[in-house]
Amino acid sequence: MIMSEYRQLTQAEIEVLENNVCWAEDWDRVMVAEGFKPYNFHRVIFYGDIRLGEFNKQVEITKGFFKHSGINDTTLRNVTVGNDCLIEKVGNYINNYTIGNDCYISNICTLETTDDATFGEGSMISVLNEMGDGNVTIFRELNSQLASFMVKHYNDKGLRQTLHQMIEDELRVNRPDRGYIGNNVKIINAKDIMNTVIKGDCEISGAARLSECTVMSSTDAPVFIGTGVICENSIICDGCSINNSVKMQDCFVGEACQITNGFTAEASLFFANSYMANGEACAAFCGPFCASHHKSSLLIGGEFSFYNAGSNTNFSNHAYKMGPLHYGTLERGTKTASGSYILMPATIGAFSVCFGKLMHHPDTRNLPFSYLMAYGEECYLVPGRNITTVGLYRDIKKWPKRDKRSKLSKKSIINFDWLSPFTVGEIMEGIKVLTALREASGDNVSKYNFHEYVINASSLRKGLKYYDIALRIYMGAVLKRAQKEGFFGRPKSIVGKGRWTDLSGLLLPESEELRIVRDVKSGDIDNIQQLLDRFVEINNNYSDYRWSWSYQMILDYYGLEEITEEDVVRIHEDYIKARRAWIAEIRKDAEKEYSMGDVEKEVFDDFLEKLDHEIDYEN
């Protein structure tokens, strides 16, 4: 730890330092720890106020190669250095910095804090609309919920001003007076690091420039910043890797994100477990588990989550479903600057998938889990098709396993339920839309025209079937959980009834979101931590809120006054039938893919074996 008490150098220590070609503007301003020894300092120049710890240990600079701690070939001005650091080959200088214990800093150019440094905190950026006014303030405590809340309610001027003031209050209390480097930090072969806070256990190797940044590294979730990285006015959270000539400006990078291979980002947000490579982002809101792999991918002016950006016009590489190259079809959608979820018509034979809302026209938003395909000049809508695909099944299983965040660095909340009041509510609306279409045009037609889309009659019938399967799976699963968790029966609270929404990973009743708005504006929530705690509280109450919503849904679906034990048996039987029908459809999808010759026999057999074990989860 940094020493709280220092002494002046003895004359003998000054003589040793001078014999080692060290020089001080004023030796009286060079203060040292009680156990300080001067022997491992060579060619060091001291300006201003200097504080030095003890230098007794060996430092491992690479595997099996140790050098004694100390300072060599360096110019320091107004610097505090903790215990057992090795600092050497600083080409320019280190100015106005506090450096922790056990750090290794070598072959860098400049490390400096200037006047009015912000460390990347407090600036407002504009996401969803790259030419618009700023709508998200980036700072170290930001998470996907708070960012989504800011964007969603930006037009509420009173709320916007209150949130901005709360963040300013937070920054005024916590902003350091100069840059600091935490314990066990390694910085080598880097050029300029200006006005940057680097927390403990971070490694920076070969970075070109860090300016006005905060790096939230930690022992259980270290950060790596690699070769050629230029990062300006940005926040990088625990467990991230930024590498291979990434250029990033005015960005927030959440926990366990990877940004690599020349990716360029400006005024964008990346939250938990996102992976970005090769492409570009501008004014993008990338919620949890977003991925972009291709050079031709530009994420601009959209809000994404559980999303895999494909190349050019393909929104995702869904052709890979059973094999190891599949990256995901479970998507909560992409949102435009106006707040609409969209699916872009792809090239002939290609398709895109939306988990959540589908919106190319205002009235198409309530057809979730659908395919949108283009053949020539016509766009075909296949409602509910993705419910019974191999891709969705694999995604349901894989996303929780791919959460690489440490237990101590999970600021953003992620609800992994693929069926929830949020999605099931949209399914119910989808059923209403399809039913109305069929009633309006009758059953003796081959196609239904739905705005600018075409829905084949067979697709409409299957869509209703798939949606009903999903409803019965959901009701049975929720009923089981309610019995297991001890709140089966009529809900004690009405909270949870009505429409649900998604705050970038947090599924919640819309009424609770609106209550937050009221409480912030009234002052009942008067600081950022209280607001973040409210998101956590809502997530902790998810099961109660879900049951309140689901109870009424079950009554309506089965035409009941209350749920009796006999009803429970019936609902459970329907659940098992629906689940087995779902697995059977997924098996058909797998067999179809295997018949095309795209999947190896071993992979196919392994997948079918997993499906066979699904009966283990029925009770």
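Since the structure is predicted, the reported quantities are computational estimates derived from the model, not experimental observations.
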Test item: [X] and [Y] side chains (from C-beta on) under 4.5 Å apart, heavy atoms:
| X | Y | result |
| --- | --- | --- |
| Leu434 | Ile455 | yes |
| Phe604 | Glu591 | yes |
| Glu378 | Tyr380 | yes |
| Tyr557 | Met428 | no |
| Pro421 | Tyr542 | yes |
| Trp418 | Thr423 | no |
| Ser493 | Ser548 | no |
| Trp500 | Val424 | no |

Decide yes or no on side chain to side chain contact (heavy atoms under 4.5 Å, CB included) for Phe416 and Leu507, but give the supporting numbers first. CA-CA 9 Å; Phe416 291 101; Leu507 303 180; over 6 Å; no
Looking at Ile413, Asn415, Leu503, which hits side-chain contact (heavy atoms from CB on, under 4.5 Å) with Leu508?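 It is Leu503, the one option of Ile413, Asn415, Leu503 that forms the side-chain contact (heavy atoms from CB on, under 4.5 Å) with Leu508.
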I would like to know whether Arg534 and Arg515 meet side chain to side chain contact (heavy atoms under 4.5 Å, CB included); could you show each step before the answer? CA-CA 10 Å; Arg534 177 67 66 83; Arg515 186 163 73 94; 3.7 Å; yes
Going by atom types only, do [X] and [Y] share a side-chain donor-acceptor pair under 3.5 Å?
| X | Y | result |
| --- | --- | --- |
| Ser218 | Asp238 | yes |
| Glu566 | Thr564 | yes |
| Ser412 | Asn143 | no |
| Asn456 | Tyr448 | no |
| Tyr474 | Ser550 | yes |
| Tyr466 | Asn386 | no |
| Asp201 | Ser217 | no |

With Trp547, which of Tyr545, Trp549, Tyr551 fulfils ring pair (Phe, Tyr, Trp, His ring centres under 6.0 Å)?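 Of the listed options, the one satisfying the test is Tyr551.
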Which heavy-atom pair separates [X] from [Y] by the least distance, and what is that distance?
| X | Y | value |
| --- | --- | --- |
| Arg472 | Asp574 | NH1-O, 3.7 Å |
| Ala283 | Asn129 | CB-C, 4.2 Å |
| Ser459 | Val382 | OG-CG1, 4.1 Å |
| Val246 | Asn261 | CG2-N, 4.4 Å |
| Ser268 | Ile125 | N-CD1, 4.0 Å |
| Cys237 | Glu255 | CB-N, 3.8 Å |

Quick one: sort the Phe149 and His153 rings into parallel, tilted or perpendicular, breaks at 30° and 60°.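 Answer is tilted, since the angle falls between 30° and 60°.
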Determine whether more than 12 heavy atoms belonging to other residues, nucleotides or ligands lie under 6.0 Å from atom [atom1] of [X].
| X | atom1 | result |
| --- | --- | --- |
| Glu537 | CD | yes |
| Lys480 | NZ | yes |
| Leu560 | CG | yes |

Residues forming a ring-ring contact (aromatic ring centres under 6.0 Å, His included) with Phe535, sequence neighbours excluded: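 If we apply the ring-ring contact (aromatic ring centres under 6.0 Å, His included) test to Phe535, skipping adjacent residues, there are no hits.
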Are Phe607 and Tyr594 an aromatic pair by the rule of ring centers under 6.0 Å?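 Between Tyr594 and Phe607, which both carry aromatic rings, the centre distance is not below 6.0 Å.
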Any salt bridge between [X] and [Y], counting N to O under 4.0 Å?
| X | Y | value |
| --- | --- | --- |
| Arg546 | Asp417 | yes |
| Lys588 | Glu585 | yes |
| Lys610 | Asp605 | no |
| Asp395 | Arg402 | no |
| Glu614 | Arg579 | yes |

Donor-acceptor pair, side chain of [X] and main chain of [Y], under 3.5 angstrom:
| X | Y | value |
| --- | --- | --- |
| Ser148 | Leu146 | no |
| Asp502 | Gly505 | yes |
| Lys497 | Pro509 | no |
| Glu562 | Arg490 | no |

To the nearest 0.5 Å, what is the distance between [atom1] on [X] and [atom2] on [Y]?
| X | Y | atom1 | atom2 | value |
| --- | --- | --- | --- | --- |
| Met248 | Glu266 | CE | CD | 12.5 Å |
| Ile396 | Leu419 | CD1 | CG | 7.0 Å |
| Ser144 | Leu506 | OG | CG | 8.0 Å |
| Asp468 | Lys465 | CG | NZ | 10.5 Å |
| Arg394 | Ile586 | CZ | CD1 | 12.0 Å |
| Ile138 | Ile235 | CD1 | CD1 | 5.5 Å |

Using salt bridge (Lys or Arg N to Asp or Glu O under 4.0 Å) as the criterion, point out the one residue from Glu513, Glu303, Glu510 that pairs with Lys152.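 By the salt bridge (Lys or Arg N to Asp or Glu O under 4.0 Å) criterion, Lys152 pairs with just one of Glu513, Glu303, Glu510: Glu513.
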Salt bridge (Lys or Arg N to Asp or Glu O under 4.0 Å) evaluation trace for Glu429 with Lys432: CA-CA 5 Å; Glu429 292 301 314; Lys432 292 179 182 178; 3.4 Å; yes
Taking it one step at a time, do Leu532 and Glu141 satisfy side chain to side chain contact (heavy atoms under 4.5 Å, CB included)? CA-CA 9 Å; Leu532 297 175; Glu141 297 303 322; 4.2 Å; yes
Step by step, would you call His572 with Leu479 a side chain to side chain contact (heavy atoms under 4.5 Å, CB included)? CA-CA 8 Å; His572 185 68; Leu479 199 59; over 6 Å; no
With a 3.5 Å cut-off and sequence neighbours excluded, list the donor-acceptor pairs that the side chains of residues 269-278 form with protein atoms.
from	atom 1	to	atom 2	distance (Å)
Asn273	OD1	Lys404	N	2.8
Asn273	ND2	Asp403	OD1	3.0
Ser274	OG	Phe271	O	2.7
Ser274	OG	Gly287	O	3.1
Ser274	OG	Cys290	N	3.3
Asn278	ND2	His293	O	2.7

